[in-house]
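So the structure is just underneath, and the comments pick up after that.
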Amino acid sequence: MVFTGAGMSAESGLKTFRDSGGLWEDHRIDDVATPEAWKRNPEMVLRFYNERYRQLRQAEPNGAHLALAKLEAAYNVQIITQNVDDLHERAGSCNILHLHGELTKCRSNLDENVIYPMPPSGLQIGDLCKFGSQLRPHIVWFGEPVPAMIQAEKLVAEADLLIVIGTSLIVYPAAGLVFQAKPGVEIIIADPGELNYTLWDRAKHIRGNAATTIPILVEELLNKA
Ligand code: BV8
């Protein structure tokens with residue numbers, strides 16, 4: 001079970017949230033990533049997501065994404081990601097669960113199960129779903145429930161090994177997943193920074209950037225298989 005956050009995509013050029021001082025592309029969460037922001041100023045929200053969608057198409061999977069895809073040769077690798085990019089998919093990983101939505105998709109404002117690919121030129125006011133309501137980014141905003149949590153908790157409960165990559169574990173309920181691994185399951189945390197959360201001593205911290213540390217970890221695991 002691999003649990004990834006924004007640090008996984010940092011070396012692909014996509015900004016992490018914490019490293020940009022809590023601002024995303026110079027926007028505050030409350031102005032662009034909440035249902036209230038969507039009601040108040042949908043144009044600004046669409047500009048924000050269209051810009052990140054444009055950036056994503058310039059980005060490439062990095063060595064850490066590619067290594068996780070290679071790991072599938074010998075292990076049943078389940079990825080749960082907080083990231084809304086599609087870099088795990090583009091690296092070739094097959095089992096990916098997006099907890100917080102996907103930049104490459106949009107959905108009906110009325111029914112979250114009515115999902116479309118993001119138009120290549122981005123989403124505009126007036127782009128409507130089949131029910132005639134404004135399309136919105138297929139993103140879980142702050143203050144919105146995380147529908148995939150049930151499935152994610154089942155995956156963590158079955159894990160034999162939990163690898164946590166590039167997340168500050170600040171956002172809940174996602175962060176709570178790390179504490180749900182069965183007793184005795186090894187937890188490896190790959191992050192260049194200090195771990196700003198107290199994880200009992202069973203977690204092994206590999207310090208460094210994912211594109212350096214994960215290929216080494218994957219080689220070790222493949223040699224062990
Ligand atoms: C919900 C989509 C209830 C948006 C995202 C007060 C206290 C506690 C909790 C709350 C609170 N107030 C509100 C809450 C709940 C809130 C929350 O947790 N807020 C936080 C900010 C405190 N959570 C919610 O609102 C969730 N919903 O609670 O609903 C509910 C229930 C029922 C009915 C109604 C309501 C929904 C949260 C989902 C929000 N959406 N993403 C978008 O992307 O546009 S979250 C978003 O931020 C990301 O998806 C990700 O999850 C998070 C960023 O975190 P990380 O991924 O960890 O990234 P970060 O930058 O923080 O850290 C990067 C890490 O990588 C660092 O550790 C760094 O050292 C490391 N790193 C850097 N470079 C590298 C590296 N690692 C490896 N290699 C490198 N090169």
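One-based numbering, in listed order, for ligands and for the atoms of each. All values below come from the heavy atoms of this structure, side chains included, with hydrogens, waters and symmetry mates left out.
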task = Would you mind checking if R52 and D85 are paired as a salt bridge, meaning a charged N to carboxylate O distance below 4.0 Å?
result =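 Here D85 does not pair with R52 in a salt bridge, since their nearest N and O are not under 4.0 Å apart.
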
query = Do NZ/NE/NH1/NH2 and the carboxylate oxygens of K39 and E36 come within less than 4.0 Å?
reply =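 Between E36 and K39 there is no salt bridge, as every charged N stays at least 4.0 Å from the carboxylate O atoms.
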
Below 3.5 angstrom, do we get any N/O pair linking [X] and ligand 1?
| X | result |
| --- | --- |
| G143 | yes |
| G208 | no |
| N83 | no |
| V84 | no |

Considering the heavy atoms of [X], write down every atom of ligand 1 situated less than 4.0 Å from one of them.
| X | value |
| --- | --- |
| E11 | 78 (N), 79 (C), 80 (N) |
| T167 | 55 (P), 57 (O), 64 (C), 65 (O), 67 (O) |
| D191 | 64 (C), 65 (O), 66 (C), 67 (O), 68 (C), 69 (O), 70 (C) |
| G5 | 56 (O) |
| A10 | 73 (N), 80 (N) |
| A6 | 55 (P), 56 (O), 58 (O) |

inquiry  = Are there over 12 heavy-atom neighbours, none belonging to K182, within less than 6.0 Å of that residue's NZ?
reply    =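 Yes, because the 6.0 Å sphere around NZ of K182 holds more than 12 heavy atoms from other groups.
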
I125 atom CD1, neighbour heavy-atom count above 12 within 6.0 Å =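 Yes, CD1 of I125 has more than 12 neighbouring heavy atoms, counting only those of other groups under 6.0 Å.
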
Pairs under 3.5 angstrom only: tabulate donor-acceptor contacts from the side chains of residues 214-225 to other protein residues two or more places apart or in another chain.
unit_1 : atom_1 : unit_2 : atom_2 : d
E219   : OE2    : K70    : NZ     : 2.8
N223   : ND2    : E219   : O      : 3.2

Give the single entry among [options] that approaches [atom] most closely by any heavy atom.
| atom | options | value |
| --- | --- | --- |
| atom 29 (O) of ligand 1 | E144, R207, M149 | E144 |
| atom 76 (N) of ligand 1 | P192, A210, G193 | P192 |
| atom 62 (O) of ligand 1 | P147, A211, S168 | S168 |
| atom 42 (C) of ligand 1 | M8, R52, H100 | R52 |

R57 to Y53 six-membered ring, cation-pi geometry met (6.0 Å, 45°) =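 So R57 does make the cation-pi contact.
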
task = Report the part of I139 (side chain from C-beta onward, or backbone N, CA, C, O) that has a heavy atom under 4.0 Å from ligand 1; answer both or neither where that applies.
result =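 Under 4.0 Å from ligand 1, I139 contributes side-chain atoms alone.
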
inquiry  = Heavy atoms only, cut-off 4.0 Å: how does Y49 contact ligand 1, side chain, backbone, both, or neither?
reply    =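 Only the side chain of Y49 comes within reach of ligand 1.
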
Compute whether any side-chain donor of one residue and acceptor of the other, for [X] and [Y], lie under 3.5 angstrom apart.
| X | Y | answer |
| --- | --- | --- |
| T4 | Q82 | no |
| E60 | N62 | no |
| E194 | H205 | no |

ask   = Who are the ring-ring contact (aromatic ring centres under 6.0 Å, His included) partners of H65, not counting sequence neighbours?
value =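 So H65 forms a ring-ring contact (aromatic ring centres under 6.0 Å, His included) with H88.
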
